[in-house]
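I have placed the structure first, in the form of structure tokens, so that the comments after it can refer back to it.
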2 protein chains.
Amino acid sequence: MKDRINRLMAIRKLITFNRIRSQEELMGKLEKKGFRVTQATLSRDLKFLKVTRRYDEKGRLYYVMPESLHREEATSQSPLRFDEGFVSLEFSGSLGVLKTLPGYASSFAIRIDRAAKFEILGTVAGDDTILIIPRDGVPVKDIRSSLKMIFPDLEEKL
Amino acid sequence: MKDRINRLMAIRKLITFNRIRSQEELMGKLEKKGFRVTQATLSRDLKFLKVTRRYDEKGRLYYVMPESLHREEATSQSPLRFDEGFVSLEFSGSLGVLKTLPGYASSFAIRIDRAAKFEILGTVAGDDTILIIPRDGVPVKDIRSSLKMIFPDLEEKL
DNA sequence: ATAAAAAATGTATATATTTGCAAAATAAAA
DNA sequence: TTTTATTTTGCAAATATATACATTTTTTAT
């Protein structure tokens, strides 16, 4: 059912851009966007998305998407630019094929995997090509925007 | 007061080396070590230590120290069992995406290929991901059961 | 289209965690 | 030491989250 997927996406966005402190609060925000479900469903959704909670500066708990746990680690030290080596991105059906210069494929794939985007089920990297397998039912444009978030430097090329 | 500090240290150690799933459980383990406090105190201790919770492979929550969020799977020291590197299996359409710990993909793929199941047309293995391509028209559940036959130890996870 | 199977959800409830408040323990000041 | 302030803790109650079970919705197969 498409409604569930849409809701999961909405939850992800809400959690990413707000400090949501309880499932009740999340329920309220979802309702404003037209998603009407109970707290129990949200409990299941959060589990599905592997959402965890963290303490903010004031010691209050709020929800975080798992990817942002990784992001800081990845961005903290490495000043590497990641647009180096990129060649092209095209889709065949829903499958994405990202081409790189020889030898660069795995470094791109690792970034994608680390980001652990909900929309992307997995990648398989060869030497200069990555196959990107989207989660069932996720449209191409969502994959593109995921990739843009992972590779902000490539914004225009993706 | 020294007792509290000692207890906090003990908590840190317990959480780092065990999968503690509730404050009650933690209370029990602490008691065995001579620390006798109520669950309410542990709630405060965990907040103080900024301990968070995560979902394990089976979707159960357990406590993690904030540092170990970064360390990840680094400490895979134990001798690996045959099925040890398995992480997850999901499908996108009819394509299967099997994730493994880094480096283990090909060992899984080889076993799949060796089994030469009719239902599985072939596999493509990266470093930690295998793409499983089913024969045209073969339903997901048949792929799953093929994989169960190939990896009997993973019965529950597939 | 209809039946059968699987997935998603709500309701009510169980389980788990947090917190206000008062008491006890510890540290600091007189 | 005695007094006073601060920190720690327990208790009980409030919040918050998870889940068993029944029902509805969606998907798959016939």
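Order of the sequence lines fixes the chain letters, A, B, ..., with proteins taken first and strands second; residue numbering starts at 1 for each chain.
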Is the shortest side-chain N to carboxylate O distance from A/Arg12 to A/Glu119 below 4.0 Å?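 A salt bridge links A/Arg12 with A/Glu119.
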
Find the bend of the helix from C/dA1-D/dT30 to C/dA30-D/dT1 as the angle between its two terminal axes (five pairs each), to the nearest 10°.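 It comes to 40° between the two terminal axes.
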
If two hydrophobic side chains count as joined below 4.5 Å and joins carry through other members, does A/Tyr55 share a cluster with A/Val51?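 In one cluster with A/Tyr55: A/Val51, no.
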
hydrophobic_cluster_shared for A/Leu61 and B/Phe48, side chain cutoff 4.5 Å: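 No, it is not one cluster - the side chains of B/Phe48 and A/Leu61 are not joined through contacts under 4.5 Å.
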
Does [N] have OP1 or OP2 under 4.0 Å away from a side-chain N or O of [X]?
X       : N      : value
A/Tyr55 : C/dT17 : no
A/Ser43 : D/dA18 : yes
A/Arg21 : D/dA16 : no
A/Arg53 : D/dT17 : yes

Go through the structure and list residues passing side chain to side chain donor-acceptor pair (under 3.5 Å) with B/Asp45, not counting sequence neighbours.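 For B/Asp45, the residues satisfying side chain to side chain donor-acceptor pair (under 3.5 Å) (neighbours in sequence not counted) are B/Arg7.
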
Does anything in residues 31-40 of chain B come within less than 4.0 Å of DNA chain C? Heavy atoms only, and list the residues if so.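 B/Gln39, B/Ala40, in order of number.
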
Only counting residues at least two apart or in another chain, list the ones meeting salt bridge (charged side-chain N to carboxylate O under 4.0 Å, His left out) with A/Arg21.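 Expected list: A/Asp56.
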
With a 3.5 Å cut-off and sequence neighbours excluded, list the donor-acceptor pairs that the side chains of residues 32-40 of chain B form with protein atoms.
from: B/Arg36; atom 1: NH1; to: B/Glu31; atom 2: OE2; distance (Å): 3.3
from: B/Arg36; atom 1: NH2; to: B/Glu31; atom 2: OE2; distance (Å): 3.0
from: B/Gln39; atom 1: NE2; to: B/Gln23; atom 2: OE1; distance (Å): 2.7

Do any N or O atoms of the protein come closer than 3.5 Å to N or O atoms of nucleotides 22-24 of chain D, and which pairs are they?
none

